[in-house]
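First the structure, in the form of structure tokens, and then the observations on it.
From a predicted model like this one, the values you see are computed outputs, not experimental measurements. Here is the naming used below: chain letters follow the sequence lines, and residue numbers restart at 1 for every chain.
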Number of protein chains: 2
Amino acid sequence: MGKQGSNATKDAEVIAPFQSHVHDHGQCVADAISAAETRCAEDGSSFTPLRREVLELVWSSHGPIGAYELLEKLRDSRRNAAPPTVYRALDFLMEHGLIHRIESLNAYIGCGDPERHHGAQFLICRDCQSVAELDDKAIGRAVTRRADALGFDVEQQTVEVIGQCADCSAREPDDRK
Amino acid sequence: MGKQGSNATKDAEVIAPFQSHVHDHGQCVADAISAAETRCAEDGSSFTPLRREVLELVWSSHGPIGAYELLEKLRDSRRNAAPPTVYRALDFLMEHGLIHRIESLNAYIGCGDPERHHGAQFLICRDCQSVAELDDKAIGRAVTRRADALGFDVEQQTVEVIGQCADCSAREPDDRK
DNA sequence: TTACGTATGATATATTATAACATTCAGAGT
DNA sequence: ACTCTGAATGTTATAATATATCATACGTAA
Ligand SMILES: [Zn+2]
Ligand SMILES: [Zn+2]
Ligand SMILES: [Zn+2]
Ligand SMILES: [Zn+2]
């Protein structure tokens, strides 16, 4: 599998880095679809044409994308797609770990390592909207340690960090105090 | 200031614990309003009757509450309140660190320590909807450490943890796998 | 064949949030 | 006192996001 600059296999902590501006986009999408097929086959779940198409659209944006933006694109091929069409597909893809929802953006993004169950944290650039997906054990542990101390049983962590990515800092030195 | 079981002053890491079912609710609200007055006086910002009333309503729920639920309650005293009425007040209260927004619930909650700027993490019980507000340095550091390594400049962290609080685990032993 | 479950189609509506323009009002400067 | 200004609020409309509900299609197991 290509893995296009992702170091998911060698160091799971960074699942998907900020995408450089030049990379083989088609390959990204193809890899994601292929991984999804594998995952769904294992799960015994049905990766239908509609679900595949929605996943392709999520990946083709290669960044967070909203449900209604997906709906518009989906309508290129399915004239009468409606909100439930896309929300159902998104639900399926989330349940099977193929995409993640970014709560603070009301948007969805392809998972960089769908074959492995994992926690996820996101670094979101406020300028270029690119996103890095992490599975930082130290972050996860810090959360569960504190939760344990309070007798809280963690089921799901949402960690979303807004800021400025390295490329954008370099491009525009950033004068805010 | 009462601080009703909060240990904000002695150990800043837990800003607001899960509220026990019996506590002096009126005192909670009064403390919050009083802290808000202090904070706004320092900021030179105007803590108007409307803003005060919305903050009281946020606190009186003593848990996360949605904008439209606030709007309904607000209408008891202001018959023609409209969405912008409450959203503007919420924006003000957030800008001044008096409330936080819980992204994963589209809801708002009073800040347990408005006099101190702080990062915030939330533990949210899926059963009783109670919320603990933390300012866990270890979590914050774990995030910034990883971000630094990637050259990412952190501006804002959203950490929201869904799970089951101690009281609810005790009450219902929880059989999910 | 029938019955059933899963997926999708289709329509309507709920929920959350913002845009845009009008009005009020208090304080600063004249 | 007059006027200007900026902040706050009032008012109406609409955008953006998400779900409820019922109908239809289709593969498959009894
Ligand atoms: Zn992932
Ligand atoms: Zn950037
Ligand atoms: Zn707080
Ligand atoms: Zn609970």
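For the pair A:V143/B:Q121, no side-chain contact is recorded, criterion being any heavy-atom separation below 4.5 Å from C-beta on. Contact check for A:C168 versus A:R126: no side-chain heavy atoms found under the 4.5 Å cut-off. Residues A:T144 and A:Q157 are in side-chain contact: their nearest non-hydrogen atoms beyond the backbone lie under 4.5 Å apart. Side chains of B:I124 and B:S104 form a contact here, defined as non-hydrogen atoms less than 4.5 Å apart. No side-chain heavy atom of B:L98 sits less than 4.5 Å from a side-chain heavy atom of B:V58.
How far OG of A:S45 is from CD of A:E95: 9.5 Å, rounded to the nearest 0.5 Å. Note that the CD1 atom of B:I33 and the CZ atom of B:F47 stand 4.5 Å from one another [nearest 0.5 Å]. For the atom pair CG of B:L71 and CD of B:E69, the computed distance is 11.0 Å after rounding to the nearest 0.5 Å.
Classification of the A:Y87-A:Y68 ring pair by plane angle, with boundaries at 30° and 60°, yields perpendicular. A parallel orientation is assigned to the rings of B:F18 and A:F152, their planes being inclined by less than 30° (bins at 30° and 60°).
Extent of DNA chain D lying under 4.0 Å from chain B heavy atoms, first and last nucleotide in 5' to 3' order, is D:dA8 to D:dT12.
To the nearest angstrom, C1' of C:dT15 lies 14 Å from CG of B:L105. Rounded to whole Å, the distance from CG on A:N106 to P on C:dT15 is 16 Å. Nucleotide C:dA17 holds its P atom 12 Å from the CD atom of A:E103, rounded to whole Å.
Residue B:F47 is out of contact with every strand shown, counting any heavy-atom pair closer than 4.0 Å. Backbone-only engagement by A:R78 is indicated by non-hydrogen atom pairs under 4.0 Å involving sugar-phosphate atoms exclusively.
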Strictly under 3.5 Å: I want the nitrogen or oxygen pairs between protein and nucleotides 5-7 of chain C, one per line.
residue, atom, partner, partner atom, Å
C:dA7, OP1, A:S46, OG, 3.2
C:dA7, OP1, A:R51, NH1, 3.3
C:dA7, O5', A:R51, NH2, 3.4

N/O contacts under 3.5 Å, protein versus nucleotides 18-26 of chain C?
residue, atom, partner, partner atom, Å
C:dA20, N6, B:R88, NH2, 3.1

### Query
Under the salt bridge (charged side-chain N to carboxylate O under 4.0 Å, His left out) criterion, do B:D135 and B:K137 qualify, and how do the steps go?
CA-CA 6 Å; B:D135 181 20; B:K137 302 297 192 251; 2.8 Å; yes
